[in-house]
Protein chains: 2
Amino acid sequence: MRHMTDRQRTILDAAIGVIARDGVRGLRVERVAEEAGVAVSLLYYYFRSRNGLVRATLEHANERAAAAAPAQGDGMSGRDRVEATLLADFGADAETRDTSVVWGEVLASAVFQPDLREQLRAAAANWTDLVASAIEEGVADGSVRADVDARACAERLTALVEGLSARWLAGLIERERARELVTAAVLSELRPSPAAR
Amino acid sequence: MRHMTDRQRTILDAAIGVIARDGVRGLRVERVAEEAGVAVSLLYYYFRSRNGLVRATLEHANERAAAAAPAQGDGMSGRDRVEATLLADFGADAETRDTSVVWGEVLASAVFQPDLREQLRAAAANWTDLVASAIEEGVADGSVRADVDARACAERLTALVEGLSARWLAGLIERERARELVTAAVLSELRPSPAAR
């Protein structure tokens, strides 16, 4: 939502918190309204339905995540930017964790609710594009091997991050281990071979 | 459950079907009993609680998945066995898909239900061990590069499969695309460099 009012932002921040605590399937519109301090009718006015609220919350969570990713032209090599973009999902702060829970929840719910898929597809494509363009930038600046398939590689790295994020959020692995594995994957997938340099 | 009766197996197969259709959080014990054609009291007798049934269903799903993985000593190279083990999660049959949905559902639910984590951890460790031992076998037979960190690599490849599986089940990518990406990841992570051969 590009032109969000402060009140919409307050509602969507509350919705992220509720989903992070209760899951998408435990989300009650009344609860979000209560936590945002607004009338339930206002939520329906803005978002039309419970699913409309879930979709807007996913979009808001993705925008928060995208804002946390390093911007182009900040002096990083392409490969470092790929790594920093992927590691942004494993921040120690509660906001980053909540954003990841929302993504995992909407993804898991979409197995049973096809009406969530279109927006997920768009969000996943945006994220893949962001990583693919950092990879291409790395090819141009020599930090990434020249024969990489940027798109396939970006799809793999983002899917790996989602898989590791799900394990981390479910308490199967430590956050630090997830970060190490991402860093090693970036090296393994992107590093120019010594002979090629 | 090593010593399962036919009736237990029937119940757990029914539970896999119910979770694949309604999700873990939509699972009603009465519904599983109905589909298995047994009394609700029998489910409580065998599994004690709804969560006990969910845990037993996860274990049964994992055993079904493990049975589908290629066995050692079947003439495959280690690297081919890694690939075949990982690709077994993307079978075209409904049974494979249902097993993957159960895994994804229990993993997503464990974010909110810590009592599901211990068993998930054990199941994830089993799967990682299976892939790590195939990688080590590949180092021994020359199909995998010698300097691989088998455990970290197995963690990454299984997490990648989970991430791609979640996208496939949510309708974000095609099954064939997921398979291609897994195959490419196995090559990228494991193939011996030409110079090293």
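If you're wondering where the values come from, they're calculated on a predicted model, not measured in any experiment.
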Rounded to the nearest 0.5 Å, how far apart are [atom1] of [X] and [atom2] of [Y]?
| X | Y | atom1 | atom2 | value |
| --- | --- | --- | --- | --- |
| A:D13 | A:E35 | CG | CD | 11.5 Å |
| A:D89 | A:W168 | CG | CH2 | 8.5 Å |
| A:L187 | A:E83 | CG | CD | 7.0 Å |
| A:E155 | B:L164 | CD | CG | 8.0 Å |

Counting heavy atoms not belonging to [X], are there more than 12 under 6.0 Å from its [atom1]?
| X | atom1 | value |
| --- | --- | --- |
| A:R191 | CZ | no |
| B:D6 | CG | no |
| A:D147 | CG | yes |

By a 4.5 Å heavy-atom criterion (distance strictly below it), what part of [X] contacts chain B: side chain, backbone, both, or neither?
| X | result |
| --- | --- |
| A:D22 | backbone |
| A:R177 | side chain |
| A:A124 | side chain |
| A:I173 | side chain |
| A:A20 | backbone |

Top contributor to chain A contacts, counting heavy-atom pairs under 4.5 Å, from [options]:
| options | answer |
| --- | --- |
| B:V101, B:V161, B:L172 | B:L172 |
| B:T158, B:V182, B:V106 | B:T158 |
| B:A159, B:A184, B:P114, B:G26 | B:A159 |

Quick one: of [options], who has the most non-hydrogen atom pairs under 4.5 Å with chain B?
| options | value |
| --- | --- |
| A:A110, A:A108, A:G171 | A:G171 |
| A:R21, A:E162, A:R156 | A:R156 |
| A:S188, A:C153, A:S165 | A:S188 |
| A:A125, A:S109, A:G23, A:G104 | A:G23 |

salt_bridge(B:R25, A:E105) N-O dist < 4.0 Å: yes
